[in-house]
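Keep in mind the model is a prediction, meaning the values are calculated, not measured.
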Amino acid sequence: MVTAARAGKAPFAAVVARHGALVLRVARAVVGPVDADDAWSETFLAAMRAYPDLPEGANVEAWLVTIAHRKSLDIIRAARRRAVPVAEVFDRPAPDRADGRDLDLDDALASLTAKQRQAVAYHYLAGLPYQEVADIVGGTAAAARRAAADGVAALRRAYPKSPFTEQEDR
């Protein structure tokens, strides 16, 4: 059996180290911070199984983003099918978050449509061109560009600390 390293591809551990943070950012943008770790894990489990068959010149980053997108959608679909019992319903998580998450940003991202959130994540966080974003989410490159632009505009309105807004101290 020919290993990935002998075939000219990087070892899979190096792929995880190089692209792990990107996949996590994409997963967080698609499924939210609660399920992002599960999407990340599912992405790399699926990628590990398929990696030996990946052609040597393939765009690994786009391949992983595509897998992350599909695994994230699987998590969303699974969550819709099951009820989650809770003892008490809270409006918001406690404000003293130890994990450092910005809850206003979470809310701003949640206010976007799924297509806008995905287009913003795949283009601005993953750095994919609009044609590849369209290939992942469906539609045309122009529609992906429009969804990303609308998403950024909505983030600018809903989240004043957005990295997409002009900073006055520059």
Side-chain angles (χ1 to χ4, degrees), residues 4-5 9-54 58-129 132-138 144 147-148 151-152 154-155 158-159 161-164:
K9 291 193 292 190
F12 190 71
V15 171
V16 174
R18 181 171 183 194
H19 301 288
L22 168 71
V23 169
L24 185 59
R25 286 193 309 268
V26 168
R28 280 184 178 163
V30 176
V31 297
V34 174
D35 293 322
D37 290 339
D38 290 338
W40 185 93
S41 298
E42 291 295 323
T43 297
F44 282 109
L45 283 173
M48 184 175 62
R49 288 184 205 108
Y51 188 66
D53 297 328
L54 187 68
N59 183 341
V60 175
E61 187 174 86
W63 177 69
L64 286 171
V65 168
T66 301
I67 296 170
H69 169 75
R70 291 179 180 153
K71 293 301 178 181
S72 296
L73 291 180
D74 289 347
I75 289 172
I76 291 169
R77 288 181 193 120
R80 288 180 183 158
R81 289 189 297 264
R82 67 178 173 269
V84 180
V86 293
E88 188 176 346
V89 178
F90 298 99
D91 289 337
R92 295 184 67 106
D96 57 336
R97 299 291 305 178
D99 61 6
R101 281 195 358 243
D102 185 339
L103 299 178
D104 291 334
L105 179 58
D106 290 349
D107 290 343
L109 287 169
S111 72
L112 300 179
T113 67
K115 193 157 238 173
Q116 288 172 344
R117 189 170 44 254
Q118 291 167 359
V120 168
Y122 298 150
H123 182 71
Y124 291 103
L125 296 178
L128 297 179
E132 288 185 28
V133 173
D135 292 343
I136 293 169
V137 300
V152 168
L155 284 175
Y159 184 67
K161 297 182 284 187
S162 170
F164 301 109

*Measure the spacing between CG of Leu125 and CG of Leu22 and express it to the nearest 0.5 Å.*
8.0 Å
*What heavy-atom pair brings Ala39 and Ser72 nearest, and what distance separates the two atoms?*
CB-OG, 3.7 Å
_Residues Val23, Val65; criterion side chain to side chain contact (heavy atoms under 4.5 Å, CB included); working and verdict_ = CA-CA 6 Å; Val23 169; Val65 168; 5.7 Å; no
*Where is the tightest heavy-atom contact between Val26 and Ala68, given as atom of each residue plus distance?*
CG1-CB, 4.4 Å
*asked:* Restricting to side-chain contact (heavy atoms from CB on, under 4.5 Å), what partner residues turn up for His69, sequence neighbours left out?
replied: Leu73, Gln118, Tyr122, Ile136, Val137
*asked:* So which atom in Ala144 and which in Ala134 form the shortest heavy-atom distance, rounded to 0.1 Å?
replied: CB-N, 4.0 Å
*For Ala50 and Trp63, which heavy atoms make the closest approach, and how far apart are they?*
CB-CZ2, 3.8 Å
*For Asn59, all residues meeting side-chain contact (heavy atoms from CB on, under 4.5 Å), sequence neighbours excluded*: Glu61, Ala62, Glu132
_Listed partners of Asp38 passing side-chain contact (heavy atoms from CB on, under 4.5 Å), at least two apart_ = Asp35, Ile75
_Side chain to side chain, Leu54 and Tyr51, heavy atoms closer than 4.5 Å_ = yes
*Can you find a heavy atom in the side chain of Val133 that is under 4.5 Å from one in the side chain of His123?*
yes
*Could you pull out the closest heavy-atom pair between Gly151 and Leu112, with the gap in Å?*
O-CD2, 3.6 Å
*Would you say the side chain of Val152 lies within less than 4.5 Å of the side chain of Val120, judging by non-hydrogen atoms?*
yes
*List for me each residue that meets side-chain contact (heavy atoms from CB on, under 4.5 Å) alongside Ala78, sequence neighbours excluded, and say none if there are none.*
Arg81, Arg82
*asked:* Tell me which pairs pass salt bridge (Lys or Arg N to Asp or Glu O under 4.0 Å) where either residue lies in residues 67-79, with sequence neighbours left out.
replied: Asp74-Arg77
*Return the minimal non-hydrogen interatomic distance between Tyr124 and Ala148, and the atom names on each side.*
CE1-CB, 4.1 Å
*Considering residues at least two apart in sequence or located in another chain, which fulfil the ring-ring contact (aromatic ring centres under 6.0 Å, His included) criterion with His19?*
none
*asked:* What verdict does the side chain to side chain contact (heavy atoms under 4.5 Å, CB included) test give for Phe44 and Leu64, after you've listed the backbone C-alpha separation in whole Å, the side-chain angles of each residue and the deciding distance to 0.1 Å?
replied: CA-CA 8 Å; Phe44 282 109; Leu64 286 171; 3.9 Å; yes
*Between CG of Leu155 and CG of Leu109, what distance do you get to the nearest 0.5 Å?*
5.5 Å
